[in-house]
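Okay, structure first, notes after.
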Amino acid sequence: MLVDLSLLPSPDWLLALPQLVVLALAIVLLFADAFTPRHTHSRVLTALSLLGYGLAAASLWFVDGKNQATFWWLFRADGLSVFLSLVILVAAALTVASAASYIDRLEGRMPIGEFYVLLAFSTLGALFVASAGDLVMIFIGIELSSLATYVLTAFAKRRTSAVEGAMKYFLLGIFASAILVYGMAWIYGATGTTNLDGIAASLQTSVQGTGFLEPSLLFALLLLVVGLGFKMAAVPFHFWTPDAYDGAATPVTAFMSVVPKAAAFAATIRILVQAMGPMREEWLNLIAALALLTMAFGNVVAISQRNVKRMLAYSSIAHTGYMMVGLAAYRTESGFGGSAGAGDQAVASLLFYLFAYAIMNIGAFAVVAWLQHRGRGLTLDDFSGLGATQPLAAAAMTVFMIALMGIPPTIGFYAKYRVILAAIESGPVGLFLAIAIVVLSAVSAFYYLRLVAVMYFNEPIREPRQTSTPLLNAGIGAMAVATIAGGLVFAPQIFDLAERWYRALSVVAQVGGGA
Amino acid sequence: MERWLFLIPLLPLLAFAVNILLGRGVIRANAHWVAAPAVFGSFLLALLVLRQLYETGEPISQHLFTWIPAGDFVVDVNLYADQLTAIMLVVVSSVGFLVHVYSVGYMHGDGGYYRFFSYLPLFVFSMLMLVLADNFLLLFVFWEGVGLCSYLLIGFWFKRRSAADAAKKAFIVNRVGDLGFGLGIMWIFAVFGTISFQEVFSAAPEVAVGTLTGIALLLFLGACGKSAQFPLHVWLPDAMEGPTPVSALIHAATMVTAGIYLVARAQPIFELAPTALVVVTIVGAFTAFMAATIGMVQNDIKRVVAYSTLSQLGYMAFALGVGAWVGAIFHLLTHAFFKALLFLGSGSVIHGMHEEQDIRRMGGLRKYMPVTAGTFLIAALANAGVVPFAGFWSKDEIILSAWVSEHQPIGQIASVVGLVAAFFTGLYMFRLVFLVFFGPERFDNTQVHPHESPASMSLPLVLLAVPSLLIGFVGFPPEEGPIHSFLEPVFAHGEEADHSEEAPAEIASLVFLQEEPAGEEHEPTGEQDAEAGGTAVDEGSGEEEHHVSTATKLTFAIISSVVALAGIAVAAVNYRNVRTAEEVVAIDQRLTRGSYGLLFNKWWWDELYDRVFVRPFRGLSDWLWRVVDEGIIDAAVNGLAAGIGGVSQRLRHVQTGLVANYALAIALGMVVMVGIYLGFFSDLLR
């Protein structure tokens, strides 16, 4: 599919407004870092960051409902990109709220300006993936996001564990990137295009025409799944996760457990669903197998962790597995350009899960950071008697644990419920996965509730250090409230928003018609 | 009122919410200022409902919201007030309010004051919702709600072991009945496809009699639990462990009549299930008789009144069974007032006697507490059924209706049993009155200084004495009073069906011939029974049986009065002048002869249940616990958990920390995936 560029309209910059806002934020932060006076430095940069992500989120309103591709189909502004961008921007803003005082005060005063700039670039990369219309664009976005995240992981550079984790993450990350780009190359070789819609159209023709697929396409698919599996931390490509999560400064861990994962899922949906949707019979069982392996491994190994950050790392692996179930449920025909089909519900359940996961997981890490401010460590014993000494923090942590467990009335329950529903509706394999989710959720209750039990039933071990962290407190409070209010009230509305992702596919029809 | 019906239950609910949230810290001893006005507001609104129904006769309903929309199973939260509901609303809110006022004095200084004034309005709310419900499930929800409040309030002084045990007993015994009720509701939904009263009742005639009988019996099992009918009566006497105002409101006036209300509400079902009605009659009559006999020898003032409650509930039940629907509700109405008064009077006595409850150590109290004595006397006369006190009119009507009803021979047996029980009623009621208020003082008046209760307690007594005296006249003249015409629309449907069904008089007369020798009960009025029966049958053959001649009514009025007065006379002769506690027991034993042990031990029901149910169940539970639960289920769960833990310990060693291993894992994972694909899914190697 060769396109004469001169016939195409000039790019519509407005569609890229959220990305442009975040890019502007990164540049402004670089300058502000250099020119703000020392005593207001941290506050100004924090405020700028929050403002930037807020503006970017608000600018989504301009993009919402447009459903157009621009920059010669490299860039798309559709329902999928809007929802993913929302998740990414919310996660970035919450990270800023949890990170401000941590970066400023703990682990030997890290340079906060650089931190925020790197955060902005990583967020920008993730946003590009969310809006990508082309394999090249996806790869650039992932790399932009990853490179910034590698540096962030090593940000607490005086601690060797941070450097070690970052090093492992980096080495394995470029290994995975190589595999990913190799897979993309095979796709290009087989279909002659890197455009997602072009790939879809080409695959559609082969599937409908002869029913025969090039074996090379299967090989490409496997390479892509390995590369993406690494980015989203699916077993057995997850090994970097515990070491990197444990090594990184806690707010960084919170960030990297959500935003790069969101980017990875964005890339997965773009590639597997949007581009390789016609050959989904080939990848659905593969994703289902990986999902099962991932949630089983994550939940089981989390049980034997006594370090809370490592426990949450394995828990995040398990959640990756739950989300992959949503992807594996993409079995039925989706409503092309029209109403939402059952397959759309499956991907929507994944998207909603990502949103819920962002709030509750960052919340859990934020409480860990909050405790580090007060002189507590990272082991389970450091949570002893928290219910007696710091009842509000303990209550917030309990809310997050219950949400991660998937118990009503939290948003975590609704998310898991939608995934299970989609899985059951997708057929026998989905039903099996749904049962696995339920059983493994019971397993996960062990380590989540153990933390709650330690907080409430053990004696406090030492007096906490008194300190004031207003922004962090506000952030934790907001996340706890959102976790409950989301489950009680807003879940259906948010799910409606997630369900509109299928309009991403309606652009395909236009391209198909034009080509 | 259509738009404001919801306010009736809402007011007490708000009072509950305010007191339970703020009572401990802020409101404390002012909790009654929240609760009592709220219930009074409900009372005023209930009066408005009553007036509107009296004027228009049109039932009021209000749709609030849809609670459960699940396919065919839709449960709306609708409030529905017809004449029956209106009467219940007034009874619940008026007695409820007076009990609130009384409790201000009675519970004064109690540590759980705010708790008490939280549970009490919660109960009133649940009870009001129970009678306002327009479908079986909603009724069941608040049926459980009042059960919960009853549990909380019986065990109000939960530090006392006997109170906690009594609360548990009430709850567990009610489980048996509620199981039946629940099954009944499920069966109703299975048969009718709906649980709304109106829809079920209008469809009932098309359903097989056997099914309706099954449903009716299950519903009645529920009613037995709540209204403490045999064989589920054992919890009510123990429930007297709760504070006395609670006994008055919940265990006399309102909650225990919920079972009666349920049967009356489900009248269209019961009317079509004659076998179920026979069961209701037998159970009711037996309970009325048994409880009255037990009441004769009990020594705890509240327990005597409690057995009296059981007995009067038995009257209501058999009134329902013989088709005297209005009579049952009429008795419910009068009973609510005089029994609440009896309980509150008992409470006043207990209060004045410094927590003494044993009537053997009382006596001559009328000169210390004249208001209590006077009002108690009125209530006792009403309970015994003496003209013209409230209880007379309703009880007389029940006995008369049973005698002339079309459900024979059971009706006349019940009627005779009712008369026998009426004799015992007079006896135990006035044994109580004489032992407490008359005769010599059997307490040490150097230690105990009886005194009249404060105004907040005596005022409700006086206010309750008025309806105890007068409310009977709403049923005057018998069978044709205002209450009969008021309630007629509610029960009209079933009665019409009855009239057209058969010629009851013939059956009645046939039965009567067989029945005649049964008049030999050890009763002085046996011959009059027969005479009266003859009259009734004569009259009944001439016209419809519900329009009984004045002569018959008069005869029955005289018989029941004579019976009641005979009971009172026996009590007066024996208990007027008893000097010591031992003498009380001696007289009890002399009067009851060989049956004293049986009666004093409450017919051994508790012991029987202990042997037949409690101990085998405990054995079974023990076995389930040790063998099934710990041995099999726990072992399996713990084993699984230990297994997962072990696997977890092994797997964590996979995380070696070496980048080379990690990269190897990625590569191996990829190779395995490719291998599986090439081997199983791809055509490349085939």
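Letters A, B, ... are given to chains in the order of the sequence lines, protein chains preceding strands, and every chain is numbered from 1. These figures come from a predicted structure and were not determined experimentally.
Looking only at heavy-atom pairs under 4.5 Å with chain B, the residue among A:L290, A:V235, A:I303, A:D243 that has the most is A:D243. Interface summary for chain A: among B:A667, B:G645, B:A663, B:A641, the most heavy-atom pairs under 4.5 angstrom belong to B:A663. Interface remark: of the candidates A:I179, A:L223, A:V226, A:V443, A:V226 forms the most heavy-atom pairs closer than 4.5 Å to chain B. Interface summary for chain A: among B:L658, B:L640, B:V659, B:I666, the most heavy-atom pairs under 4.5 angstrom belong to B:I666.
Both the backbone and the side chain of A:F237 come within less than 4.5 Å of a heavy atom of chain B. For a residue to count as touching a neighbouring chain, one of its non-hydrogen atoms must lie under 4.5 Å from one of that chain's; by this rule A:Y314 touches chain B with the side chain only. Both the backbone and the side chain of B:V654 come within contact range of chain A, each with at least one heavy atom under 4.5 Å from a heavy atom of that chain.
Here the CE-CG distance, from B:M670 to A:L222, works out to 9.0 Å after rounding to the nearest 0.5 Å. Note that OG1 of A:T241 and CD of B:Q655 are 8.0 Å apart. Values are rounded to the nearest 0.5 Å.
Evaluation of the salt bridge (Lys or Arg N to Asp or Glu O under 4.0 Å) rule for A:R159 yields A:E107 as partners, not counting sequence neighbours.
In the displayed structure, A:Y417 atom OH is contacted under 6.0 Å by at most 12 heavy atoms of other residues, nucleotides or ligands. Within a 6.0 Å sphere centred on CZ of B:R650, heavy atoms belonging to other residues, nucleotides or ligands number 12 at most. Environment of CZ in B:F156: crowded, with over 12 heavy atoms of neighbouring residues, nucleotides or ligands closer than 6.0 Å. Within 6.0 Å of the CZ atom in B:R160, the count of heavy atoms belonging to other residues, nucleotides or ligands exceeds 12.
Summarising the geometry of B:A665 relative to A:F239, their closest heavy-atom pair is CB-CE1, 3.2 Å, with the distance given to 0.1 Å. Summarising the geometry of B:Y662 relative to A:W240, their closest heavy-atom pair is CD1-N, 4.4 Å, with the distance given to 0.1 Å. Taking every heavy atom of both residues into account, B:S648 and A:S304 meet most closely at OG-OG, 2.7 Å.
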